[in-house]
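All chains are named by letter (A, B, ...) in the order of the sequence lines, taking the proteins before the strands, and each is independently numbered beginning at 1. Predicted model, so just to flag it, every value in this text is computed and none were measured.
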Amino acid sequence: MGKLDPSASEPLYGFMPRNVTGAADHDLNPFTKAPHTAQYRKILEARKKLPVFAQMDDFLEMFNKNQIIVMVGETGSGKTTQIPQFVAFSDLPHTRGKLVACTQPRRVAAMSVAKRVADEMDVQLGRQVGYSIRFEDMTEPGTTFLKYMTDGMLLREAMHDNNLERYSTIILDEAHERTLATDILMGLLKDLAKRRSDLKIIVMSATLDAVKFQKYFSLRSEASAPLFKVPGRTHPVEVFYTQEPEPDYVEAAIRTVLMIHRAEEPGDILLFLTGEEEIEDACRKIKIEADDLVNQDPDSVGPLVCIPLYSSLPPQQQQRIFDPAPKSSKEGGPPGRKIVVSTNIAETSLTIDGIVYVVDPGFSKQKVYNPRIRVESLLVSPISKASAQQRAGRAGRTRPGKCFRLYTEKDFIKELEEQTYPEILRSNLANTVLELVNLGIKDLVHFDYVDAPAPETLMRALELLNFLAAMDDEGNLTALGKLMAEFPLDPQLAKLLISSPEFNCSNEILTITAMLSVPNVWLRPNNQRREADAAKELFTVPESDHLTLLNVYNQFILNKWDKNWTWTNYLSARALGQAENVRSQLQRIMERLDIDLVSLDDEIKLFLNVRKALVCGFFMQVAHKEGDKGSYTTVKDHQVVGLHPSCGLKTQPEWVLFNEFVLTTRPYIRTVTEVRTEWLMEFAPLYFDLKTFPDGEMKRALQRAYNKKMGISNPRSESRNESRKGTPTVEVREVKRRRKE
DNA sequence: GAGCACTGC
């Protein structure tokens, strides 16, 4: 029992901060003062069986004595639900108007864990226990004292409160996943711990990274942060390797799956492949071969269903992974089996119960960043040992299982990296650098990273921010940069949005920005490509894919009453709904920052202005047509690229501005708008400074435009919206306010 | 004439 003293004043109920034991066994709920429900007692019994529960007193002792703890617990230890509760009982944050925060890399995890913990504590979700994720704040200020949140959300909060004063303890969960946000938070918290001796920090991770984190979080150079260990609770998984390397991993995977189906005990199979196309293809082949097997030998081979799983699948189809395995085709016949063929989404984000066999070819698509040409691309690469272990673990969630690795044991030991490269080493950091500078970190190169990014990556980010006029030459954030950091957008998009009132089209740019921030809205089912392309054609604005996106969004809003509209037009209702959500969030931020929402009545002029505005954000992503084979060369980087086949442009204009550079079968630029030479020189004079261009077609084109401009002499353009001159002044003419919600 | 690993604000 805790130190219950009935005379003590509420709401402490006799608890002493940092001195609580046996916190769960009271008759009354100390937070609501209501008697505990029967459900509470029942859940409490289950909690008591968790490995971590037995270590509560040990944990509290270590927690009370130390400012920073590194904690490891394998799956099934209960750390994510229990540790934050132990901390809350020790901190009693509500008595001091503070909160305990626990971060998660994913939204669903933050939501579902918060719900579970609210039940465990016998309180209503959103009151004492809540969660906070983008678009949804399920907390009650003044009441909530235990908050689960996404790591990105805590990073946003840090921008407005550098000391994170509201929190008594911050718990970073799943730190081993090394998301960009977690990595930045680790750096910030390490520094913050020195300034706020009252703040406690717990870093929770899988076993392999613990020593690295312990060393990183040693506040005094001699002592590592203490480690608290909790055993996991999973079933054993037997691991098999191939004798020889497999030349074709998809073929080998299909063979292995069928071998399991024929020869192994009942139990579902999880096969990891790398992407949508590969998965759909493998499912087709498995289905054909399995049907063959059943036909040949119906007495010993049962039916098999093959279920694809990847993130772009509609939620309804994703749900199919929870369907039970098929029944025997006849009474007393061989049992059926379910096989899920999945991307990495089944490695961490989604858990499928009943999986007994895992087939792991050892590959996944991974993001890589090339700072030289500023391109992020996806590459099929070997996974890490940690990842292979995680995959194998998926076979042992309900009972002992087996994992078939389609590579040799020698390759596993010698060739696979220990850990997946952290995201911070594989990403374009333009956004992150803007965030860090906004957080007051000026010396980005010497910031205390867990793993420091390549200096060239940081230089590229700084260069971009400088060209966008977000930072001055001394590395300080400009007024414009401050505004840009307020938006959850890439710097180019933020700059575009902030510049758009100058062109009287901020309502339209707001829509385009939202559309560019969500997944692809165009659906193109394999067997209906022609119909889908024809449907898309009807929305196409010939000179600009950006305007096409604007058009689609506006039509979507006009037809919202029609449930079939998206479907008949081959559009993703999910993505369009997300765009609507993002748009309203961005609009709220614009209103808060007093950025005007304006439009023009004249559509021709409006569309021209939208294209001009695009130049203000994307002048660094422009390509010039070279030769007559339809190929383009990007400005400054001189990459030869083609217009992506999805591009709606009817001609091949001399200059195009693009949203992204994708490296697939060949280099493509995607989501493209035709722009004019004089716009480039007028709205990005420093980037398109003739002196900086080598001789060639591009320079000659710029020279022609320059001569023409000098000929007609336009003094106004000299002073207009120079790219390094900070916030553009807003001119409002012919304006009407629209969509004022 | 092609794709979208997965997250997050």
Look at all strands and tell whether A/Arg524 reaches a base, only sugar-phosphate, or nothing, counting heavy atoms closer than 4.0 Å.
base
Is A/Thr664 close enough to B/dG3 that one of its side-chain N or O atoms is under 4.0 Å from OP1 or OP2 there?
yes
Tell me whether the guanidinium CZ or amine NZ of A/Arg670 lies under 6.0 angstrom from the six-membered ring centre of A/Phe658 and within 45° of its axis.
no
Choosing from B/dA2, B/dC9, B/dA5, which nucleotide comes nearest the side chain of A/Ser646?
B/dA2
Checking A/Lys365 now: which residues fulfil salt bridge (charged side-chain N to carboxylate O under 4.0 Å, His left out) with it, not counting sequence neighbours?
none
Go nucleotide by nucleotide along DNA chain B from the 5' end; which of A/Pro488 and A/Ser312 gets its closest nucleotide reached first?
A/Ser312
A/Ser311 side chain, from C-beta outward: closest of B/dA5, B/dC9, B/dC6
B/dC6
Specify the separation, in whole Å, of atom OH of A/Tyr570 and atom P of B/dA2.
21 Å
With heavy atoms under 4.0 Å as the rule, sort A/Leu180 into base, sugar-phosphate or nothing.
nothing
How is A/Arg106 classified with respect to the nucleic acid when contacts are heavy atoms under 4.0 Å: base, sugar-phosphate, or nothing?
sugar-phosphate
If we check salt bridge (Lys or Arg N to Asp or Glu O under 4.0 Å) with A/Lys650, which of these qualifies: A/Glu537, A/Glu674, A/Glu543?
A/Glu537
Among B/dG8, B/dA2, B/dA5, the one nearest A/Thr150 by side-chain distance
B/dG8
How long is the line joining CG of A/Leu523 and C1' of B/dA2, in whole Å?
15 Å
Atom pair distance, as rounded to whole Å: CZ in A/Arg670 and P in B/dA2:
13 Å
Taking CD from A/Gln104 and C1' from B/dG8, how many angstroms apart are they, rounded to a whole number?
13 Å
Whole angstrom is fine here: how far is it from CD in A/Glu660 over to C1' in B/dG3?
11 Å
Nearest to the A/Thr665 side chain among B/dA5, B/dG3, B/dC9, which nucleotide is it?
B/dG3
Classify A/Ile345 by what it touches in the nucleic acid, base, sugar-phosphate, or nothing, heavy-atom distance under 4.0 Å.
sugar-phosphate
In whole angstroms, how far is the P atom of B/dT7 from the CD atom of A/Gln578?
11 Å
Please determine whether a side-chain nitrogen or oxygen atom of A/Arg107 lies at a distance below 4.0 Å from atom OP1 or OP2 of B/dC9.
yes
Length of the CZ-P vector between A/Arg666 and B/dG3, whole Å:
11 Å
Mind checking A/Tyr668 for me? I need base, sugar-phosphate or nothing, with any heavy atom below 4.0 Å counting as a touch.
sugar-phosphate
Identify whether NZ of Lys or CZ of Arg in A/Arg426 sits under 6.0 Å from the centre of the six-membered ring of A/Tyr369 and within 45° of that ring's axis.
no
Once you apply a heavy-atom cut-off of 4.0 Å, does A/Gln366 come out as touching a base, just sugar-phosphate, or nothing?
nothing
Base, sugar-phosphate alone, or nothing: which one does A/Ser364 contact when heavy atoms must sit under 4.0 Å apart?
nothing
Across the strands shown, which category fits A/Thr348 at heavy-atom distances under 4.0 angstrom: base, sugar-phosphate, nothing?
nothing
Could I get the full list of salt bridge (charged side-chain N to carboxylate O under 4.0 Å, His left out) partners for A/Arg530, not counting sequence neighbours?
none
Have a look at A/Asp533 and say if it touches a base, only the backbone sugar-phosphate, or nothing, with a 4.0 Å heavy-atom cut-off.
base
Side chains of A/Glu486 and A/His160: do they bring a donor and an acceptor to under 3.5 Å?
yes
Whole angstrom value for the distance that separates P of B/dA5 from OH of A/Tyr369
21 Å
